[in-house]
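Below, all heavy atoms of this structure are taken into account, side chains as well, without hydrogens, waters or symmetry copies.
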Amino acid sequence: MEETSPPVEGLLLPSIADVSVQSLDVSHEAIRVNVCSTSAGAACPDCGSESTRVHSSYLRFPADVPTGGRLVVLQLRVRRFFCPQSSCARQTFAEQLPGLTRRYSRWTERLRSTLAAVGLALAGRAGARMARAFGVSISRGSGTTSVTRRRRPAEPG
């Protein structure tokens with residue numbers, strides 16, 4: 001019987017669509033994962049037009065939840081696109097990977113929800129100490145702030 005192994009993306013990023021793991025380096029201290037998007041383009045956040053014309057790319061290093069007692073270091077290649085609409089005020093924009101990161105965020109969604117749960121359960125100094133176990137240094141107020149900043153469903157109006 002032939003053994004088949006699941007793709008690396010399914011193991012490391014199970015709920016994230018359109019991503020590819022380019023390389024994986026495991027050491028005693030950390031797991032380094034190079035990730036990039038596989039989608040052809042992205043939608044402009046202002047006008048919603050789809051663009052496939054790449055302006056440039058850059059690297060992001062969002063913090064992630066440790067696994068197997070090791071830090072996880074994500075190296076995320078993010079592309080900037082030209083907005084195809086000349087009437088749009090935004091000339092370029094960066095692609096977002098829903099479920100992995102948010103705009104301007106230094107944490108993955110997985111780490112954000114974990115820290116929110118810690119902040120909800122412990123708060124204050126105890127929450128900050130617990131976050132250090134995840135390899136993340138936060139202040140006493142950050143745990144409770146992450147709880148209050150969680151996205152709430154829109155209220156029917």
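Contact of the R106 side chain with the P62 side chain is not registered, since no non-hydrogen atoms from C-beta on lie closer than 4.5 Å. Taking 4.5 Å as the limit, every side-chain heavy atom of E109 sits out of range of all side-chain heavy atoms of L100. Side-chain atoms of R103 and Q96, non-hydrogen and from C-beta on, do get closer than 4.5 Å to each other. The shortest distance between side-chain heavy atoms of V73 and I31 does not fall below 4.5 Å. Side-chain contact between C44 and F81 is absent, with no heavy-atom pair separated by less than 4.5 Å. Side-chain atoms of R112 and R102, non-hydrogen and from C-beta on, do get closer than 4.5 Å to each other.
Formation of a donor-acceptor pair under 3.5 Å by the T114 side chain with backbone atoms of R110 is found in this model. Panel note: side chain R60, backbone S105; a donor-acceptor pair is recorded below 3.5 Å. With hydrogens and angles ignored, the 3.5 Å screen pairs a side-chain donor or acceptor of S37 with a backbone N or O of S39.
Proximity of the aromatic rings of F82 and H55 is defined here by a centroid distance below 6.0 angstrom, and this criterion is met.
With 3.5 Å as the limit, one finds a donor-acceptor pair spanning the side chains of R77 and S57. A side-chain N or O of S20 and one of Q22 form a donor-acceptor pair less than 3.5 Å apart.
Checked against side-chain contact (heavy atoms from CB on, under 4.5 Å), S87 has the following partners two or more places apart in sequence or in another chain: Q85. For D46, the salt bridge (Lys or Arg N to Asp or Glu O under 4.0 Å) criterion is met by R90, not counting sequence neighbours.
Between D64 and L111 the shortest heavy-atom distance is N-CD2, 4.1 Å.
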Point to revise | Verdict with supporting geometry, C47 and C83, side-chain contact (heavy atoms from CB on, under 4.5 Å) | key: CA-CA 9 Å; C47 68; C83 181; 3.5 Å; yes
Exercise for review: Just do the side chain to side chain donor-acceptor pair (under 3.5 Å) check on R80 and T92 with the steps written out, would you?
Suggested key: CA-CA 6 Å; R80 289 194 67 80; T92 65; 2.8 Å; yes
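Note on E29 versus R70: no salt bridge recorded, every NZ/NE/NH1/NH2 to OD/OE distance being 4.0 Å or above.
Note on L71 and L74: separate hydrophobic clusters, where clusters join Ile, Leu, Val, Met, Phe, Trp and Tyr whose side-chain heavy atoms are under 4.5 Å apart, directly or indirectly. Linking ILVMFWY residues whenever their side-chain heavy atoms come closer than 4.5 Å, directly or via other members, places V19 and V78 in the same cluster.
Atom CD of Q91 sits in a sparse spot, with 12 or fewer heavy atoms from other residues, nucleotides or ligands closer than 6.0 Å.
For the side chain to side chain contact (heavy atoms under 4.5 Å, CB included) criterion with L76, the lone passing option out of L97, V33, L59, N34 is L97.
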